[in-house]
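Here the structure comes first, spelled out in structure tokens, and everything after it is commentary.
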Amino acid sequence: MRFSIVIPYRNRASWLSRTLESIANQTFMDFELLLVDNGSTDVSSALCRDFAMMHADSPFSVRLLTEPVEGASRARNLGLREAKADYVYFFDSDDEISPMFLTEADELLKHRPDLQLVCGRTVLCWPDGKREVRKVVESSNARDQILCSMLTTQGMIIERNFLINIGGWNENLPKWNDWELGVRILMRTPKMAWLKGGPYHHIHQHSESLTGLSWAATYESLRPSLEAVRQLASESKSLRRALACREAVIAAELSIEGRNAEADALLVEAQELCSTITWCYAYRRLGGRGTWRLFRFFYR
């Protein structure tokens with residue numbers, strides 16, 4: 001078996017069928033699907049049971065798991081422990097996986113069996129119908145992960161043993177746990193490659209998505225991830241400066257949304273990491289876009 005796909009879910013009945021249908025439409029079938037119920041109180045678990053029964057004779061297998069303690073990372077770690085394949089792929093329960101994604105990943109791994117990480121770009125889908133390819137740099141540098149979150153939950157296939165050895169998902173992070181995981185992964189300098197095709201998947205943005213639509217609404221939940229990455233970056237000037245840029249941009253977003261006290265406090269924290277980073281805040285506060293690209297140009 002080549003891949004284990006792990007999908008945690010909690011009260012996702014409105015979107016889960018769409019996600020499961022996209023799994024069934026894969027052109028590569030040598031995988032197992034682990035569906036992890038994370039305390040659902042709606043009909044999500046029934047949808048998953050029906051899906052498993054419907055595909056009992058399919059080339060791929062479906063396993064139903066339960067993690068009663070709430071937390072997407074905790075549910076993903078259960079899937080990681082239970083996974084049987086050499087490579088594990090985590091997906092969210094409200095998005096759609098591209099039909100050719102696993103096929104193209106398998107072709108790459110046939111030529112590069114040494115890879116520990118396979119990456120691909122994704123497409124953001126907004127409630128108003130707008131679609132946008134996530135702007136990232138196809139890099140292996142942890143600095144770039146801090147700046148633009150190029151490694152996301154849906155955008156990376158990870159060798160199972162490698163992920164276990166670095167500690168799996170951080171269960172103390174309610175938001176941006178894939179951002180922190182990506183930093184940890186790249187700090188270990190894995191053998192990795194970016195898929196040449198794509199972009200892949202439809203990543204749906206809505207009020208109940210894990211990322212959320214508002215900085216003001218999600219800031220407190222993402223604070224633990226900022227602190228975790230601050231600890232990871234403590235010994236590297238390059239990583240500290242990158243984190244300062246990211247924090248300055250978030251501070252600007254908070255200021256734009258009227259959360260001035262939080263914005264001011266976060267900007268002070270950013271300046272402690274890099275005293276010359278205020279320009280990132282000012283540029284974004286005035287409506288500038290692509291701050292991280294400018295940062296990469298000036299801090300090569």
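This structure is a prediction, so every number in the text was calculated from the model and none was measured.
- Side-chain N or O atoms of Thr218 include none that pairs as donor or acceptor with a backbone N or O of Ser221 at under 3.5 Å.
- The closest donor-acceptor contact from the side chain of Thr122 to the backbone of Tyr200 lies at 3.5 Å or more, if one exists at all.
- Ile97 CD1 to Glu21 CD: the interatomic distance, rounded to the nearest 0.5 Å, is 13.5 Å.
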Discussion item. Run the side chain to side chain donor-acceptor pair (under 3.5 Å) test on Ser45 and Ser40 for me, step by step, so that the C-alpha distance in whole Å, both residues' side-chain angles and the decisive distance to 0.1 Å come before the verdict.
Written reply: CA-CA 7 Å; Ser45 57; Ser40 294; over 6 Å; no
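- Looking at every heavy atom in both residues, Cys245 comes nearest to Thr291 through SG-CG2, 4.3 Å.
- Applying the side-chain hydrogen bond (donor to acceptor under 3.5 Å, both in side chains) test to Glu180 and every residue at least two apart in sequence or in another chain returns Arg184.
- Among residue pairs with one or both ends in residues 263-278, those qualifying as salt bridge (charged side-chain N to carboxylate O under 4.0 Å, His left out) are Arg223-Glu269, Arg230-Glu269; sequence neighbours excluded.
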Practice prompt. Tell me, with the steps shown, if Phe101 and Phe28 meet ring pair (Phe, Tyr, Trp, His ring centres under 6.0 Å).
Written response: CA-CA 8 Å; Phe101 181 64; Phe28 182 89; over 10 Å; no
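- Partners of Lys196 according to the side chain to side chain contact (heavy atoms under 4.5 Å, CB included) rule, which considers only residues two or more places apart in sequence or in another chain, do not exist here.
- Closest heavy-atom contact between Ser44 and Leu16: O-CD2, 3.7 Å.
- The one candidate from Asp86, Asp106, Asp30 that meets the side-chain hydrogen bond (donor to acceptor under 3.5 Å, both in side chains) condition with Arg2 is Asp106.
- Considering Leu163, Leu151, Thr153 as possible partners of Leu181, the one that fulfils the side chain to side chain contact (heavy atoms under 4.5 Å, CB included) test is Leu163.
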Worksheet item: Taking it one step at a time, do Arg246 and Ser149 satisfy side chain to side chain donor-acceptor pair (under 3.5 Å)?
Response: CA-CA 10 Å; Arg246 196 67 189 264; Ser149 306; 2.9 Å; yes
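- Ser73 pairs by the side chain to side chain contact (heavy atoms under 4.5 Å, CB included) definition with Arg76, Trp169, Glu171, Asn177, not counting sequence neighbours.
- Identified under the ring pair (Phe, Tyr, Trp, His ring centres under 6.0 Å) test for residues 60-86, with sequence neighbours left out: Phe31-Phe60, His55-Phe60.
- Scored by the side-chain hydrogen bond (donor to acceptor under 3.5 Å, both in side chains) test, Thr152 finds no partners at all (sequence neighbours excluded).
- At distances below 3.5 Å, not a single donor-acceptor pair connects side-chain atoms of Arg143 with backbone N or O atoms of Ser238.
- Under the 3.5 Å distance criterion, the side-chain polar atoms of Ser93 are left unmatched by any main-chain donor or acceptor of Tyr9.
- Of the inter-residue distances, the one linking Ile158 atom CD1 with Ile164 atom CD1 reads 11.0 Å to the nearest 0.5 angstrom.
- A donor-acceptor pair under 3.5 Å links the side-chain atoms of Gln145 to the main chain of Trp179, judged by distance alone.
- When the ring-ring contact (aromatic ring centres under 6.0 Å, His included) test is applied to Tyr87, no partner is found at least two apart in sequence or on another chain.
- Proximity of a side-chain donor or acceptor of Glu132 to a complementary backbone N or O of Cys125 within less than 3.5 Å is not detected.
- When hydrophobic residues (I, L, V, M, F, W, Y) are linked wherever their side-chain heavy atoms come within less than 4.5 Å, Met1 remains an isolated member.
- Once rounded to the nearest 0.5 Å, the distance linking CZ of Arg284 with CH2 of Trp292 reads 14.5 Å.
- Taking CD1 from Ile203 and CH2 from Trp126, the interatomic distance works out to 11.5 Å, rounded to the nearest 0.5 Å.
- When the side chain to side chain contact (heavy atoms under 4.5 Å, CB included) test is applied to Arg241, the partners found at least two apart in sequence or on another chain are Lys237, Cys274, Phe295, Tyr299.
- Judged by distance alone, the side chain of Asp37 and the main-chain N or O of Gly39 form a donor-acceptor pair under 3.5 Å.
- Between the side chain of Asp95 and the backbone N or O of His204 there is at least one donor-acceptor pair closer than 3.5 Å.
- Asn38 meets the side-chain hydrogen bond (donor to acceptor under 3.5 Å, both in side chains) test with no other residue; sequence neighbours excluded.
- Legend: residues meeting side-chain hydrogen bond (donor to acceptor under 3.5 Å, both in side chains) with Asp128, ordered by chain and number and at least two apart, are absent.
- In terms of the side chain to side chain contact (heavy atoms under 4.5 Å, CB included) criterion, residue partners of Phe298 (sequence neighbours excluded) are, by chain and number, Trp279, Leu294.
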